[in-house]
Number of protein chains: 2
Amino acid sequence: MYSYICLMNSLTEENYLKAIYSLSADRGTVNVNDLSKRLDIRMPTVTSMMKKLAERKLVRYEKYKPVSLTPKGEKAAMYVVRKHRLTEMFLVEIMGFGWEEVHDIAEQIEHVKSAEFFRKMDELLGHPSFDPHGSPIPDPEGNIRRDPLPALSECREGEKVSLSAVSDSSSEFLTFLNSRRLSLGTEINILSIEPFDGSMMLSYDGTSGQVFSKVVCDKLLVGRKEK
Amino acid sequence: MYSYICLMNSLTEENYLKAIYSLSADRGTVNVNDLSKRLDIRMPTVTSMMKKLAERKLVRYEKYKPVSLTPKGEKAAMYVVRKHRLTEMFLVEIMGFGWEEVHDIAEQIEHVKSAEFFRKMDELLGHPSFDPHGSPIPDPEGNIRRDPLPALSECREGEKVSLSAVSDSSSEFLTFLNSRRLSLGTEINILSIEPFDGSMMLSYDGTSGQVFSKVVCDKLLVGRKEK
DNA sequence: TTACAAAGTTAGATTAATCTAACAAATATT
DNA sequence: AATATTTGTTAGATTAATCTAACTTTGTAA
Ligand SMILES: [Mn+2]
Ligand SMILES: [Mn+2]
Ligand SMILES: [Mn+2]
Ligand SMILES: [Mn+2]
């Protein structure tokens, strides 16, 4: 186990690999432009990094075509994702941070070069399956649970759902959710949907009727209770 | 408090500042050559970094003279030392690492950009005063307890002392101490000293008579029990 | 089908941090 | 005092990661 710790990638390479993984989670491939926007790095820089990663057999790259991870690149990416999510869980569960505070710190700690460090985290947390934002944590072999959750915005009036994950871990978004007393596991009733802008009126935790914009409902991933 | 978190130094600069601090702990100044050896970086590189740090008012530097920290540089250095030692303590006390495993990991984590992260560590540890190797942890204002401990090798035959700190935190040295069942707080009797090579015969924890070379005894810092 | 916009590449510059080679200053040894 | 050794600096090259400006390819819309 931990067979991928022998791959030594720089902090920068790890960030690229993670970005490619997360952007391609659905479509399977990613454009240079997507990466450029996600990482806030100009396109020529991304192009040259793709050449470098292709050289190292971590990504498939051909001029003017979208890029994708090779099996080796995927494994490396999954390990970075594992380290990131374990760290977030550690920061929340062991250190007492709020879920809105951990992403930026994890973004740094995920690059620590010590397999033992992450192994200890995993052990202390009792081998968790999900991070504080509801995302699955890849196992030590790089396998990840892949059951894509529907967004709240895709649900219908009258449905009862529970908040299972969020697709935005930014401090701003999560602080907003905190202010509305929304957290993972909250049971939500969809009272009504405004056809004009897709905003939803919800009740949860005994609240009467809170309105959430579609922008927000797109980021709330839910488990369906009854259809 | 935490007034120095506004100073933003790169990982590299932080390592230089910490090295200058630790080398000058006794003499007060450091040569370019000392730094070069400590950091395993060639002298011309050190020279140019000294110019850069002098530019930023963190060190005093004049051609061909030893360098020293300015008050600003000293404060920055103390904060890095604080982060390093808090991290080592955290790794041992909270995460269950051995004292021989933590230095290299702390060397990386000390550069995490998040004052809150280190504040949480400090809180969880109950504001510790010493790290796992017996070195004092600077307070949030950068003040550090400065009572230099004598090395075991400076003590005399018949003295009873207790192991208070080690001046070498390398995995190799500490693994050696582990193999001899020596840890901080151990009460030691100096049975005899070999004049030829300065090696010492000690008894502790009910052992009969263990011999330690001067190289080792130089690195064991002790508190005197009786004279 | 031509024209325009978006996406991507190439070329060349920049920055931080490092290096080697050559030279200069300071210090130690004879 | 002369010489040798150690220490330190200068100059210039290198590497990783980034950028801008200019150009090319691809895809879309007139
Ligand atoms: Mn995250
Ligand atoms: Mn990162
Ligand atoms: Mn240490
Ligand atoms: Mn360090």
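Here is how names work: the chains are called A, B, and so on, in the same order as the sequence lines, proteins then strands, and each is numbered from 1. It should be emphasised that the depicted structure is a prediction, and the values quoted were computed from it without experimental measurement.
Note on A:Lys63: every side-chain N or O is 4.0 Å or more away from OP1 and OP2 of D:dT26.
Within the 3.5 Å criterion, the main-chain N or O of A:Ile193 finds a donor-acceptor partner in the side chain of A:Glu157. Checked by atom type and distance alone, the side chain of A:Lys72 pairs as donor or acceptor with a backbone atom of A:Arg56 at under 3.5 Å.
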Which pairs of donor and acceptor atoms, one on a side chain in residues 105-113 of chain B, lie under 3.5 Å apart (sequence neighbours left out)?
| from | atom 1 | to | atom 2 | distance (Å) |
| --- | --- | --- | --- | --- |
| B:Glu107 | OE1 | B:Lys18 | NZ | 3.2 |
| B:Glu107 | OE1 | B:His103 | NE2 | 3.2 |
| B:Glu107 | OE2 | B:Lys18 | NZ | 2.9 |
| B:Gln108 | OE1 | A:Lys113 | N | 2.6 |
| B:Gln108 | NE2 | A:Lys113 | O | 3.3 |
| B:Glu110 | OE1 | B:Lys18 | NZ | 3.4 |
| B:Glu110 | OE1 | B:His84 | ND1 | 2.8 |
| B:Glu110 | OE2 | B:Lys18 | NZ | 3.4 |
| B:His111 | ND1 | B:Glu14 | OE1 | 2.7 |
| B:His111 | NE2 | B:Asn15 | OD1 | 3.0 |
| B:His111 | NE2 | B:Glu107 | O | 3.0 |
| B:Lys113 | NZ | B:Asn9 | O | 3.3 |
| B:Lys113 | NZ | B:His111 | O | 3.4 |

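A donor atom on one side chain and an acceptor atom on the other are not found under 3.5 Å apart for A:Asp131 and A:Trp99. Under 3.5 Å, the side chains of B:Ser68 and B:Arg60 contain a donor-acceptor pair of N or O atoms.
Distance from the side chain of B:Lys37 is smallest to D:dT7 among D:dG8, D:dT7, C:dT9.
At a threshold of 4.0 angstrom between heavy atoms, the contacts of B:Lys51 are confined to the sugar-phosphate backbone, with no base atom among them.
Under the side chain to side chain donor-acceptor pair (under 3.5 Å) criterion, A:Asp218 pairs with A:Ser153, A:Lys214, sequence neighbours left out.
Rounded to an integer number of Å, the gap from B:Lys65 NZ to D:dT9 P is 11 Å. Distance CG (A:Asn33) to P (D:dT24): 20 Å, rounded to an integer number of Å.
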Nucleotide-resolved protein contact map, nucleotides 14-20 of chain C, B/S/- at heavy-atom distance under 4.0 Å:
--SSBBB
